[in-house]
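Quick notes on the structure that follows.
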Amino acid sequence: MGNDGPVREDRLRAIAAGALALCCMMASSAPSHAQGTAFPTRPISIVVGYPPGGPPDLIARVVAPAIGDALGQAVVVQNRPGAGGIVAYGDVARAPRDGYTLLMADLSMVIDPLVYANPGYDPKKDFAWIAPLARSYLAMLVNPAFPAKSVQDFIAMAKKSPGELSYGSSGVGSPPYLGGLAFNIAAGVQLREVPYRGVALAITDLVAQRISAVWSSLGPSAGLVKAGQLRVLGVYGRQRLASLPDVPTFLESGVDAGAADNGSWFGLAAPAGTPPEVVSKINAAVNEALARPEVRKTLEGADYAIGASASPADLKALVDLSIPYWSDLFATAGVKPM
């Protein structure tokens with residue numbers, strides 16, 4: 001799931017492009033309050049800043065048909081990958097403010113401005129929040145042969161030999177990087193970052209015992225954990241993962257990682273200035289979609305957590321908590337925007 005193949009993707013791109021073109025032509029001819037009253041009268045696009053197959057794309061494709069059913073219009077997913085989501089964020093920030101171009105937002109919206117000096121958007125000013133959709137939580141993976149059998153064992157080893165233990169990262173700002181950075185600071189240790197072109201390569205080296213740990217969602221590594229080739233020492237989050245009931249959270253292990261325990265969040269946003277009545281109507285459709293048993297089963301089966309409610313204020317709160325937390329951590333680590 002998450003990659004419907006080249007033919008399907010071409011069709012989605014064509015439909016989404018047509019919807020965006022129509023949206024631009026009509027934006028100047030109809031007042032916003034009239035659009036809000038009739039909304040929606042044509043297809044809606046959800047722009048995803050990553051290629052097909054990743055978590056944001058998977059979540060968008062699961063919820064889009066259900067949101068469309070609730071609104072009575074097609075909701076299509078349009079992938080616009082580039083620069084860790086920056087291309088999509090900038091495009092949606094500049095899109096017409098009518099509710100027909102939505103953004104699949106995630107934690108990278110907050111992280112990108114910490115990595116790039118001129119990302120082309122402001123997460124605090126350029127978007128109207130619609131609703132959170134789901135969260136995922138990083139797991140700390142080690143090789144089964146690694147001497148540490150608990151998070152506290154790992155911390156003791158790291159403190160005894162600062163800089164000797166390492167963790168695999170898929171680049172500054174990536175989830176594995178963020179997981180390791182938050183752990184370093186919360187646990188007071190100095191793990192050495194080893195960058196890779198992707199988390200799959202880091203996990204390969206972890207299996208081969210070339211690095212000490214990797215922070216990753218379970219998706220890419222669930223098979224290896226099940227086969228006994230990797231072991232999970234701990235997980236971020238405020239409660240244990242349903243799929244790993246015997247694995248403690250970092251909080252249970254005495255490591256308070258602050259806002260990192262909110263996980264990687266995913267939500268829907270629109271350009272700032274989108275009429276409130278349009279935001280409200282889309283929000284109601286999102287809540288209806290997330291209440292569907294088949295939607296919940298699909299997302300929860302992939303280890304995504306869905307909240308009891310999904311309001312614009314809920315998503316805004318996640319953004320507002322994330323910005324100062326990660327800004328402080330990057331400053332403490334001496335990471336400056338490029």
First locate atom CG of Leu191, then atom CG of Asn184, and finally report the distance between them rounded to the nearest 0.5 Å. 4.5 Å

Pairwise side-chain contact, Asp153 with Pro147, heavy-atom cut-off 4.5 Å (strictly under): no

Quick one, Trp215 and Tyr177 - any side-chain contact, counting heavy atoms below 4.5 Å? no

Short side-chain donor-acceptor distance under 3.5 Å, Asn262 and Ser322: no

If you apply the rule side-chain contact (heavy atoms from CB on, under 4.5 Å), what do you find for Val319 with Phe127, and how did you get there? CA-CA 11 Å; Val319 175; Phe127 302 99; over 6 Å; no

Do the side chains of Leu141 and Val232 get nearer than 4.5 Å, heavy atoms only? yes

Does one hydrophobic cluster hold both Val172 and Leu138, with members joined at side-chain heavy-atom distances below 4.5 Å? yes

Identify the two heavy atoms, one from Pro271 and one from Ala93, that lie closest to each other, and give their separation to 0.1 Å. CB-O, 4.2 Å

Take Tyr196 and Thr204 through the test side-chain contact (heavy atoms from CB on, under 4.5 Å) and record every step on the way to the result. CA-CA 11 Å; Tyr196 292 85; Thr204 296; over 6 Å; no

Can you name the nearest heavy-atom pair linking Gly84 to Asp112, along with the distance? O-OD2, 2.7 Å

Starting from the C-alpha separation in whole Å, work towards a yes-or-no answer on side-chain contact (heavy atoms from CB on, under 4.5 Å) for Ile46 and Val75. CA-CA 7 Å; Ile46 297 179; Val75 177; 3.6 Å; yes

Check the surroundings of atom CD in Glu252: do more than 12 heavy atoms from other residues, nucleotides or ligands lie under 6.0 Å from it? yes

Could you tell me the separation between the CZ atom of Phe154 and the CE atom of Met140, rounded to the nearest 0.5 Å? 3.5 Å

Keeping the roles fixed (side chain from Ser170, backbone from Gly198), state whether a donor-acceptor pair exists under 3.5 Å. no

For Ser264, check side chain to side chain donor-acceptor pair (under 3.5 Å) against everything at least two apart and list the hits. none

Walk me through it: do Ser217 and Asp303 pass the test side chain to side chain donor-acceptor pair (under 3.5 Å)? CA-CA 8 Å; Ser217 58; Asp303 273 315; over 6 Å; no

Could you tell me whether the side chains of Gln78 and Ser45 share a donor-acceptor contact shorter than 3.5 Å? no

Below 4.5 Å, heavy atoms only, C-beta onward: do Ile282 and Thr274 meet side chain to side chain? no

Check for me whether Arg42 meets the cation-pi criterion with Tyr100, that is, NZ or CZ under 6.0 Å from the six-membered ring centre and within 45 degrees of the ring axis. yes

Check Tyr236 against Ala257 and note the closest heavy-atom contact, atom names and distance. CE2-CB, 3.5 Å

Aromatic ring pairing Tyr304/Phe266, orientation class (parallel under 30°, perpendicular over 60°, tilted between): perpendicular

Is there side-chain contact between Leu268 and Leu315, with at least one heavy-atom pair below 4.5 Å? no

Distance from Phe330 atom CZ to Tyr325 atom OH, nearest 0.5 Å? 10.5 Å

With rounding to the nearest 0.5 Å, note down the distance linking CG in Asp98 to CZ in Phe39. 7.5 Å

With the 4.5 Å side-chain cut-off for hydrophobic clustering, are Val214 and Val142 part of the same group? no

Residues Ser280, Asn283; criterion side chain to side chain donor-acceptor pair (under 3.5 Å); working and verdict: CA-CA 5 Å; Ser280 179; Asn283 174 267; 6.0 Å; no

So which atom in Pro123 and which in Ile323 form the shortest heavy-atom distance, rounded to 0.1 Å? CG-CD1, 4.4 Å

If two hydrophobic side chains count as joined below 4.5 Å and joins carry through other members, does Leu58 share a cluster with Tyr137? no

Note: Gly99 and Val278 closest approach over all heavy atoms is CA-CG1, 3.7 Å

Could you tell me if the side chain of Trp326 sits less than 4.5 Å from the side chain of Val335, heavy atoms only? no

I need the Leu244 CG to Thr249 OG1 distance, nearest 0.5 Å. 12.0 Å

State, yes or no, whether a side-chain contact exists between Val194 and Arg210 at a heavy-atom distance under 4.5 Å. no

Restricting to side chain to side chain donor-acceptor pair (under 3.5 Å), what partner residues turn up for Asp256, sequence neighbours left out? none

Nearest 0.5 Å, what's the CD1-CG distance between Ile203 and Leu224? 7.0 Å

Count the heavy atoms of every other residue, nucleotide or ligand shown that sit under 6.0 Å from CD of Glu300, and state whether that count exceeds 12. yes

Val247/Arg240 under side-chain contact (heavy atoms from CB on, under 4.5 Å): CA gap, chis, key distance, verdict: CA-CA 7 Å; Val247 176; Arg240 298 187 181 193; over 6 Å; no

Work out which heavy atom in Tyr121 is nearest to a heavy atom in Met109; give both atom names and the distance. OH-O, 2.8 Å

Got more than 12 heavy atoms from elsewhere within 6.0 Å of NZ, Lys297? no

